[in-house]
Amino acid sequence: MYTAIAWVMKQWHSLFSTFLDPAGGITWALSIVFLVVTIRILLFRLFVKQVKSQRAMQEIQPEIQKLRKQYGADKQGFSQAMMALQKERGVNPLAGCLPLLPQIPVFLSLFHVLRRLAPGKDGLYSWDDALTDQAAKADLFGAPISSSFNMDGAKADAILALPGVTTTSIRIVAFALIVIMCATTFFTQKQIMKRSGPVEGQAAMVQKLLLYGMPISLFVSGFFFPVGVLLYWFTNNLWTLGQQFYILKKLPPPGSPAALAKAAVDKPQVDPKTLAPKPGAKPVRPKPGRPATVGPTSTVDADGSPVEGTVVDGVPGGASDGAVPGSANGRPGGGNRPRTGSTGSRSAPGPANRGKRKRR
């Protein structure tokens, strides 16, 4: 890793040396800045996976809450059920750490390379003696990139012997970079919290610890970092801030006001004028739905006689030709059976008690 980091810086230094002073501090500072750019471009796919994992974790939060209520104090059962749910939905909790893990060895490697830089040192890793000495003497506003706020020993004496370099200039530049590094770390963590959305319980405590704990720890340890490492961390935070801003704009957290506004904008608006037919065109009517089923109409009225207009056994009801319907009052009748007495006349009187029966 030491050789790989030194080789990347060497390539960028060769590029910028074509139009800048090879021994200038700006040339070496740009080499460190574009080392960050190279690493972050290589890690961009991991960053996308991290965002997708966080979105997936947000979507299953309601189901996790149900599982927590369901299992109560059974922590082992809850853990197994949650792992099964994450496996079913394809959620990997470790994907949130993917962009961070590869940056740790890069940071440590750069710290080791710059710490070993000193005027008059032999060539290290892929650098020759001249390039190593040039990098050790390159200063940024009076502070060499290999110097730090607190340094002592032979390295401090060799750096302070350089023309234009003093302890005050080194500490002013280093302290300014420490403050900027801590501030950008704080705002970067705030952006991460916005991207991940609201959380509860232990996750909220972890977020608050990172929000305040990381800047404080960096402020303490920054006094021992070389100026080049402080510049690396500051550039890395700026890249992260820009990347977070882009992601929050393009992919806002679900349920947030920005996500609702984006969904409203993306929803196609239907203009009523486009639904109307063009002038001279025949309007197209929608096909009517299937009519509701109507029950059968009764073929007899209240007094048991056929309703006019209905057909019973092929004979129209209410006919005046003397035909007798096939049924009356629900009882079958004979084909030519007369309705009244033995005379067979339609005008003959009926039984004596007709009209005296009570209809039920």
Side-chain angles (χ1 to χ4, degrees), residues 2 5-6 8-38 106-125 127-187 215 217-239 241:
Y2 301 158
I5 295 302
V8 173
M9 289 182 62
K10 179 182 176 181
Q11 301 307 314
W12 284 115
H13 179 266
S14 300
L15 176 63
F16 292 119
S17 296
T18 57
F19 55 90
L20 293 175
D21 180 14
I26 297 296
T27 307
W28 284 99
L30 288 175
S31 302
I32 296 175
V33 168
F34 277 83
L35 169 66
V36 176
V37 174
T38 304
V106 173
F107 174 79
L108 295 176
S109 301
L110 180 64
F111 174 77
H112 180 80
V113 170
L114 295 180
R115 187 184 63 175
R116 291 195 61 186
L117 283 178
K121 279 268 188 174
D122 297 335
L124 50 90
Y125 310 116
W127 297 354
D128 55 18
D129 296 345
L131 190 63
T132 302
D133 185 70
Q134 189 182 82
K137 294 179 179 179
D139 66 276
L140 188 66
F141 304 111
I145 62 174
S146 59
S147 62
S148 58
F149 191 94
N150 289 327
M151 60 179 182
D152 52 12
K155 178 179 178 179
D157 296 338
I159 290 178
L160 293 176
L162 297 174
V165 176
T166 62
T167 304
T168 304
S169 63
I170 292 175
R171 291 187 173 182
I172 290 175
V173 173
F175 186 78
L177 287 175
I178 290 171
V179 173
I180 295 173
M181 176 184 67
C182 294
T184 52
T185 301
F186 177 81
F187 287 113
S217 62
L218 288 174
F219 183 80
V220 174
S221 59
F223 291 96
F224 303 95
F225 290 162
V227 172
V229 173
L230 297 176
L231 181 62
Y232 169 86
W233 195 284
F234 165 64
T235 307
N236 189 66
N237 286 344
L238 287 183
W239 180 281
L241 281 173

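A23 and Q134 make their closest contact through CA-CG, 3.6 Å (heavy atoms, listed as atom of the first residue, atom of the second, distance). Nearest heavy atoms, P144 versus G142: CD-O, 3.9 Å. Contact detail for A136 and P119: the closest heavy-atom pair is CB-N, 3.5 Å. Here the shortest heavy-atom pairing between T18 and L15 reads OG1-O, 2.5 Å. Residue G24 comes nearest to A138 through the heavy atom pair O-CB, 4.0 Å, listed as atom of the first residue, atom of the second, then distance.
Remark: Y232 engages no residue in a ring-ring contact (aromatic ring centres under 6.0 Å, His included) (not counting sequence neighbours).
In this structure, OG1 on T38 lies 10.5 Å from CD on Q11, to the nearest 0.5 angstrom. Note that the CD1 atom of I159 and the OG1 atom of T166 stand 12.5 Å from one another [nearest 0.5 Å]. If you take CZ on F34 and OG1 on T235, they are separated by 10.0 Å, rounding to the nearest 0.5 Å. Atom-to-atom distance recorded for L231:CG and L30:CG is 9.0 Å, nearest 0.5 angstrom. Rounding to the nearest 0.5 angstrom, the gap separating the CZ atom in F111 from the OH atom in Y2 is 10.0 Å.
Formation of a donor-acceptor pair under 3.5 Å by the S221 side chain with backbone atoms of S217 is found in this model.
Using bins of under 30°, 30° to 60° and over 60° for the plane-to-plane angle, the ring pair F16/F19 lands in the perpendicular bin.
Residues in residues 112-124 take part in these side chain to side chain donor-acceptor pair (under 3.5 Å) pairs, two or more places apart or across chains: H112-R115, H112-Y125, R116-Y125. For residues 19-32, every residue pair satisfying the side chain to side chain donor-acceptor pair (under 3.5 Å) rule, not counting sequence neighbours, is listed here: H13-W28. Pairs engaging residues 136-149 under the side chain to side chain donor-acceptor pair (under 3.5 Å) rule: D133-K137 [sequence neighbours left out]. Sorted pairs that involve residues 145-160 and meet salt bridge (charged side-chain N to carboxylate O under 4.0 Å, His left out), not counting sequence neighbours, are lacking altogether.
Contact annotation: the side chain of D128 approaches that of L131 to within less than 4.5 Å [non-hydrogen atoms, C-beta and beyond]. The closest side-chain heavy-atom distance from I145 to P226 is not below 4.5 Å. Side-chain contact between L110 and L35 is present, with at least one heavy-atom pair separated by less than 4.5 Å. You'll find the side chain of L238 stays beyond 4.5 Å of the side chain of V36, heavy atoms only. Using a 4.5 Å heavy-atom cutoff, the side chains of N150 and R171 are in contact. Two residues are said to be in side-chain contact when any heavy atoms from C-beta on lie closer than 4.5 Å; F107 and V229 meet this criterion.
Results of the ring pair (Phe, Tyr, Trp, His ring centres under 6.0 Å) test with F149 over F224, F219, F225, F223 single out F223 as the only residue that passes.
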Give the table of side-chain donor-acceptor pairs shorter than 3.5 Å for residues 175-187, with sequence neighbours excluded, one pair per line with atom names and distance.
residue : atom : partner : partner atom : Å
T184    : OG1  : I180    : O            : 2.8
T184    : OG1  : M181    : O            : 2.9
T184    : OG1  : N237    : ND2          : 2.9
T185    : OG1  : M181    : O            : 2.7
T185    : OG1  : W233    : NE1          : 3.2
T185    : OG1  : N237    : ND2          : 2.9

